[in-house]
Asks: 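So that we are looking at the same thing, I have put the structure below in structure tokens.
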Amino acid sequence: MSDTVTVTLPDGSEKRAARGVAILDFVREQIGAGLARAAFVARLDGELVDLSRPLERDARLEVLTAKSPEALAVARHDAAHVLASVVQRLYPGTQVTIGPAIEDGFYYDFARAQPFTPDDLERIERAVAEAIAADLPFVREEVSLEEARALFERLGETYKVEIIGDIAGRGARTLTLYRHGDWVDFCLGPHGPSTGRIGVVKLMSVAGAYWRGDARNAMLQRVYGTAFFDRKALEAHLARLEELRKRDHRKLGPALGLFAFHEVAPGSAFWLPHGTTLYNLLADAMRRLVTRNGYQEVKTPLLYDRRLWEQSGHWGVYRENMFLVLDKESDPALPVDQRLTMSLKPMNCPSHYLIYGMARRSYRELPIRYFTVDVLHRNELSGALGGLTRVRQFAQDDSHIFVMESQIPDEVERITGLMRTVYGAFGLEFSLRFSTRPTNPADRVGDDALWDKAEGALRSALDRLGLPWELNAGDGAFYGPKIDFVVTDSLGRKWQTCTIQLDYAAPERFDLSYAGDDNREHRPVVIHRAVYGSFERFIAILTEHYAGAFPAWLAPVQARVVTVSDRFEAWGQAVVERLRALGYRVEADASSDKLGAKIRAAQLAKIPYALVIGEKEVEAQGVSPRRHGGEDLKTMGLDAFVELLAREARPPY
RNA sequence: GCCGACAUAGCUCAGAUGGUAGAGCAACUGAUUCGUAAUCAGUAGGUCCCCAGUUCAAUUCUGGGUGUCGGCUCCA
């Protein structure tokens, strides 16, 4: 064996290195001292590794500095270790568990009877800063599982010992320890060179978290934090959080008169006049769109006998989430669960199956596409509720499409076209996620053969679309695999909204059929799909995406007339009436405020147009529109403005 | 549901070792008649989340409840 190895750098150049030399030494000697100082971690043949690792074989090497996002994730994991080390010093008896880097930061879960207080957090944060200032190197060591087990048993770290058991169960023979100072943890790594390289750490919050995320397990104390290589980046992150806070639909919604919540109906919104307008505009646009695409709107009952849910499978796997209703005519001596014989619908699907089954269907009718906007109820955990995004009552733009198997790819493509139309109209990017059968057989209906078929069909439809998608194994609905659309808003946040789900099980359960061209009965396949997802969630996303300043076609109030003084009220009123007569949503500011104050009020109400009316406008029988944001369009005749508004207020689909 | 924090005027927030509370904005009234992000003055507005308990006295302390917020595996 040669005593040198060949190292290929990202630019394609090759260098020879002594076998076994540490990456950092190689970089310093063969590339440059500057890069060696800036280096944080390395990527060796695609795998992130410590700079202290030796070069043992020919490999591709990439040096990552503080500029790379991967390095930041490593630094955050470093920060989690530092956090754990100071917590164990400050709070003896606290056990460590896991502490990964996550999007925007990291967390660490501690086993400790006493929760951390905000004061504790401050104290811990100071100690973390000291540990960073001490600039302790991270030292990697590989040990046998037995050694590791002995070490952590001696330290009394029962969770770590449990994890070692899992690792052993996966067939590993060794694991790696990382030390800084006198503190040790085992960890896949990699880590940065030393604590001093982490930069600045800020602890964000404390929270309870179940061990392994399972409510049957012990409650751990989770500390969330974030870390950045420099203070400016941290401040930019905090500024972004502040921007998110300002755009939060839970603040903007009530402030703009869109919706509100009341404690007597947790998880169910009250739609205020402005919000109802917005809701209806979205619903109307969707109705037009789907009608043009061959859908038929139907309305179905809200309350059903449990037999329906038993047939659909909901009673078995979804009952926890359903609102059950007591049958008052049932025998009071019976146990309560036997008297709860009705349920509010949590989904529209079974009712659409019933409609399908109400007539004999021919292959010539397919695809049959039912569309429903009905109120649905799902009993979410009280602690999981929040704003419009986690609610108990909502409505979907819900459809179930009955197709022949051969029609699946076309239909998926057609649905994707709807998604493009709608999301394009809002300037929302989306990506696709393919979710397959739930891992636990108890969480799904239908046998494996059906799942194989459904997953295969959806996958080939995906391939035909040619859009990039990622796999989300085990996250399918209980009745079928699905394609989720993940939307990215103006702040770069991702939201799961629309969905396409394939269902071979339901037609079996409901004995749905159609007469084929062979004059024999066949099973249709059901496609579940929603474009907005739920109106509630979609309006939350749009509110934050637009920061409450909706485009003219959606704005609850499209224009507000602001007069320079009340001498011009007559023409102001005439303008309001003319525009209203044409169907526009217009109001007047009749206060005795000065123009500047009225403009400010219109701006804060996020109304697309303030129509300034003074002497000039009365003479010209026109208005001077000022767009939200400040653009002054100068005086124009009322007809010219009507034309402008007509263009902008036209629904884009 | 579980862990933690929080709950004072429509909104944003002050406040008192336990002696029933204030500001700014908004609202209302009046004056002002004004040209693109705040005219001036006055008035009114409170079950200090709810229910118990302790106390001469509870918005404040204790207990229980409700709601909201941050979380509850992007698995060493």
Side-chain angles (χ1 to χ4, degrees), chain A residues 73 77 80-81 96-107 109 112-118 120-121 145 148 152 157 159-167 170 172 175-178 185-189 204-224 245 248 250-251 254-255 257 260-267 320 379-387 472 562-569 591-605 610-617 624-635:
Chain A
H77 185 210
H81 274 228
V96 289
T97 66
I98 61 165
I102 55 173
E103 176 138 28
D104 287 339
F106 64 90
Y107 68 80
D109 283 345
R112 180 170 189 255
Q114 199 77 10
F116 295 108
T117 66
D120 290 332
L121 269 201
L145 285 179
F152 288 98
E157 297 284 2
Y159 290 89
K160 285 292 181 188
V161 171
E162 186 180 328
I163 298 169
I164 292 170
D166 293 348
I167 295 170
R170 292 201 294 264
L175 53 70
T176 50
L177 301 180
Y178 279 88
D185 193 2
F186 66 87
C187 165
L188 274 175
M204 306 299 287
S205 61
V206 284
Y210 298 109
W211 169 235
R212 295 186 191 280
D214 190 327
R216 288 166 300 194
N217 290 340
M219 178 65 75
L220 305 173
Q221 303 304 324
R222 175 169 297 183
V223 176
Y224 278 93
R245 205 183 58 79
D248 193 327
R250 292 171 300 191
K251 298 288 291 181
F261 287 90
H262 191 281
E263 71 172 54
V264 294
E320 289 294 299
N379 198 355
E380 301 287 344
L381 293 175
S382 59
L385 300 177
N472 205 8
V562 294
T563 46
V564 173
S565 89
D566 61 13
R567 291 192 289 123
F568 313 114
E569 282 299 324
S591 71
S592 62
D593 281 334
K594 297 208 290 189
L595 182 62
K598 293 184 184 181
I599 291 283
R600 178 171 190 272
Q603 178 75 22
L604 293 177
L611 303 178
V612 177
I613 286 179
E615 187 115 39
K616 274 186 303 182
E617 290 76 14
S624 292
R626 177 196 191 273
R627 271 191 222 275
H628 179 259
E631 191 194 351
D632 183 352
L633 299 185
K634 308 299 180 203
T635 307

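Remember, predicted model here, so these are calculated numbers, not experimental data. Throughout, protein chains are lettered first and strands after them, A, B, ... in sequence-line order, and every chain is numbered starting at 1.
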Asks: At 4.0 Å (heavy atoms only), tell me whether A:A384 reaches a base, stays on the sugar-phosphate, or touches nothing.
Replies: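 The answer is base, as A:A384 lies within the cut-off (heavy atoms under 4.0 Å) of a base atom.
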Asks: Using the C1' atom as the point on both nucleotides, what is the distance between B:G10 and B:A5, in whole Å?
Replies: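 About 25 Å, rounded to a whole number of Å.
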Asks: Taking the minimum atom-to-atom distance to the side chain of A:E103, which one of B:U33, B:C3, B:C74 wins?
Replies: B:C74
Asks: For A:R626 and B:G35, give me the distance from atom CZ to atom P, rounded to whole Å.
Replies: 15 Å
Asks: On the 0 to 90° scale, with breaks at 30° and 60°, tag the A:Y107-A:Y224 ring pair as parallel, tilted or perpendicular.
Replies: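 Ring orientation of A:Y107 relative to A:Y224: tilted.
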Asks: Does B:U32 have a Watson-Crick or wobble mate here (both distances under 3.5 Å), and if so which one?
Replies: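 Result: none.
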Asks: Which listed nucleotide (B:G70, B:U66, B:A76) is nearest to the side chain of A:I163?
Replies: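 Of the options given, the side chain of A:I163 lies nearest B:A76.
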Asks: Could you identify the nucleotide paired to B:G67, looking across every strand shown and requiring Watson-Crick or G-U wobble geometry with both distances under 3.5 Å?
Replies: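 Per the H-bond distance test, B:C6.
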Asks: Is A:Y210 side chain donor-acceptor paired with the B:G71 base, going by distance under 3.5 Å alone?
Replies: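 For A:Y210, whose side chain was compared with the base of B:G71, there is no donor-acceptor pair (under 3.5 Å).
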Asks: Would you indicate whether the side-chain heavy atoms of A:Y178 and A:H81 approach each other to under 4.5 Å?
Replies: yes
Asks: Less than 4.0 Å between a side-chain N and a carboxylate O, is that true for A:R626 and A:D632?
Replies: no
Asks: Ignoring hydrogens and angles, answer whether the base of B:G35 and the side-chain atoms of A:E617 contain a donor-acceptor pair closer than 3.5 Å.
Replies: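 Checked by distance alone, the answer is yes.
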Asks: Send over the distance from A:I102 CD1 to B:G71 P, rounded to a whole Å.
Replies: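 It works out to 9 Å between those atoms.
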Asks: Look at all strands and tell whether A:G614 reaches a base, only sugar-phosphate, or nothing, counting heavy atoms closer than 4.0 Å.
Replies: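 Base, at least one base heavy atom under 4.0 Å.
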Asks: Using atom P of each nucleotide, how far apart are B:C13 and B:C2 to the nearest Å?
Replies: 29 Å
Asks: Sub-3.5 Å donor-acceptor pair from the side chain of A:T176 to the main-chain atoms of A:C187, do we have one?
Replies: yes
Asks: For atom P, what is the distance between B:G46 and B:U68, given to the nearest Å?
Replies: 25 Å
Asks: I need the CG-P distance between A:L381 and B:G67, as an integer number of Å.
Replies: 13 Å
Asks: So, the side chain of A:Q221 versus the backbone of A:Q114: is there a donor-acceptor pair under 3.5 Å, distance only?
Replies: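 No, the answer is negative, given that no donor and acceptor are paired below the 3.5 Å cut-off.
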Asks: Which nucleotide, if any, forms a Watson-Crick or G-U wobble pair with B:C72, using both distances under 3.5 Å?
Replies: B:G1
Asks: Under the side chain to side chain contact (heavy atoms under 4.5 Å, CB included) rule, what do A:L177 and A:F152 come out as? Steps first, then yes or no, please.
Replies: CA-CA 11 Å; A:L177 301 180; A:F152 288 98; 3.9 Å; yes
Asks: For B:G70, take OP1 and OP2 only and decide whether either is under 4.0 Å from a side-chain N or O of A:R222.
Replies: no
Asks: Does B:C34 have OP1 or OP2 under 4.0 Å away from a side-chain N or O of A:R567?
Replies: yes
Asks: How far, in whole Å, is B:C48 from B:G19 if one measures between their C1' atoms?
Replies: 15 Å
Asks: Under 4.0 Å from OP1 or OP2 of B:G1: is there any side-chain N or O of A:S382 that close?
Replies: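 Yes, because at least one side-chain N or O of A:S382 sits under 4.0 Å from OP1 or OP2 of B:G1.
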Asks: Between B:U62 and B:U55, how many Å separate the two C1' atoms, rounded to a whole number?
Replies: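 These two C1' atoms come out 12 Å apart once rounded.
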Asks: Among B:U39, B:A38, B:G4, which nucleotide sits nearest the side chain of A:D593?
Replies: B:U39
Asks: Using a 4.0 Å heavy-atom cut-off across all strands, classify A:A207 as base, sugar-phosphate, or nothing.
Replies: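 Counting heavy atoms under 4.0 Å across all strands, the contact made by A:A207 includes a base.
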Asks: Rounding to the closest angstrom, what is the interatomic distance between B:A16 and B:A7 at atom P?
Replies: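 That atom pair is separated by 14 Å.
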Asks: Calculate the interatomic distance between A:D104 atom CG and B:G70 atom P; express it in whole Å.
Replies: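 Checked: the CG to P distance equals 15 Å.
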Asks: Figure out the CZ/C1' separation between A:F261 and B:C69, and round it to whole Å.
Replies: 13 Å
Asks: From the list B:C3, B:U39, B:U68, which nucleotide is the closest neighbour of the side chain of A:M219?
Replies: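 Within the option list, the nearest is B:C3.
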Asks: Which base sits across from B:A38 as a Watson-Crick or G-U pair, both distances under 3.5 Å?
Replies: none
Asks: Nearest to the side chain of A:A597, which nucleotide is it out of B:G4, B:A38, B:C34?
Replies: B:A38
Asks: Taking a pair as Watson-Crick or G-U wobble with both distances under 3.5 Å, which nucleotide is matched to B:A58?
Replies: none
Asks: So, does the side chain of A:S592 form a donor-acceptor pair with the base of B:A31 at under 3.5 Å?
Replies: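 Indeed there is one.
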Asks: How far does the P atom of B:C11 sit from the matching atom of B:G64, given to the nearest Å?
Replies: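 Roughly 29 Å separates the two P atoms.
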Asks: Do any side-chain nitrogens or oxygens of A:K251 fall under 4.0 Å of OP1 or OP2 in B:U12?
Replies: yes
Asks: Return the pairing partner of B:C48 with a 3.5 Å limit on both distances, Watson-Crick or G-U wobble; otherwise return none.
Replies: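 The base-pairing partner of B:C48, which may sit in any strand shown, does not exist here.
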Asks: Using Watson-Crick or G-U wobble geometry with both distances under 3.5 Å, which nucleotide pairs with B:U17?
Replies: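 With both distances under 3.5 Å required, B:U17 matches none.
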Asks: Can you tell me how far C1' in B:A58 sits from the matching atom in B:U8, rounded to whole Å?
Replies: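 One C1' to the other, the span is 15 Å.
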Asks: Return the value, rounded to whole Å, for the distance between atom NZ of A:K616 and atom P of B:C34.
Replies: 15 Å
Asks: Ion pair present between A:R212 and A:D214, side-chain N to carboxylate O less than 4.0 angstrom?
Replies: no
Asks: So what does A:G387 hit on the nucleic acid, given a heavy-atom distance under 4.0 Å: a base, only sugar-phosphate, or nothing?
Replies: sugar-phosphate
Asks: Just the rounded figure in Å: distance from P of B:A76 to NE2 of A:H77.
Replies: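 Nearest whole value for this atom pair: 9 Å.
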Asks: Which part of the nucleic acid, if any, lies within contact of A:K598, taking any heavy atom under 4.0 Å across all strands shown: a base, the sugar-phosphate backbone alone, or nothing?
Replies: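 Touches nothing.
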Asks: At under 4.0 Å between heavy atoms, what does A:L220 touch on the DNA or RNA strands: base, sugar-phosphate, or nothing?
Replies: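 A:L220: no heavy atom of the nucleic acid under 4.0 Å.
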Asks: Could you pick out which residue, A:S565 or A:G267, lies toward the 5' side of RNA chain B when each is mapped onto its nearest nucleotide?
Replies: A:S565
Asks: Any side-chain N or O of A:Y224 under 4.0 Å from OP1/OP2 of B:C72?
Replies: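 Answer is yes, contact under 4.0 Å.
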Asks: Ignoring hydrogens and geometry, is there a side-chain-to-backbone donor-acceptor pair from A:K160 to A:T97 under 3.5 Å?
Replies: yes
Asks: For A:I167, which contact category applies under a 4.0 Å heavy-atom criterion: base, sugar-phosphate, or nothing?
Replies: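 Answer is base: heavy atoms of A:I167 come under 4.0 Å of a base.
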Asks: Evaluate A:R567 against A:E615 for side chain to side chain contact (heavy atoms under 4.5 Å, CB included), listing each step before the verdict.
Replies: CA-CA 9 Å; A:R567 291 192 289 123; A:E615 187 115 39; 4.2 Å; yes
Asks: Does A:R250 place a side-chain N or O at less than 4.0 Å from the phosphate oxygens OP1/OP2 of B:G70?
Replies: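 Indeed, a polar side-chain atom of A:R250 lies that close.
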Asks: Please lay out, stage by stage, how A:T563 and A:K598 fare under the test side chain to side chain contact (heavy atoms under 4.5 Å, CB included).
Replies: CA-CA 8 Å; A:T563 46; A:K598 293 184 184 181; 3.1 Å; yes
Asks: For B:A23, give its Watson-Crick or G-U wobble partner with both distances under 3.5 Å, or none.
Replies: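 Answer to the pairing question: B:U12, which forms a Watson-Crick or G-U pair with B:A23.
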Asks: Quickly work out the A:R212 CZ to B:C74 C1' distance and round it to whole Å.
Replies: 16 Å
Asks: Please work out if A:G630 contacts a base, only the sugar-phosphate, or nothing of the nucleic acid, heavy-atom cut-off 4.0 Å.
Replies: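 Since no nucleic acid heavy atom lies under 4.0 Å of A:G630, the category is nothing.
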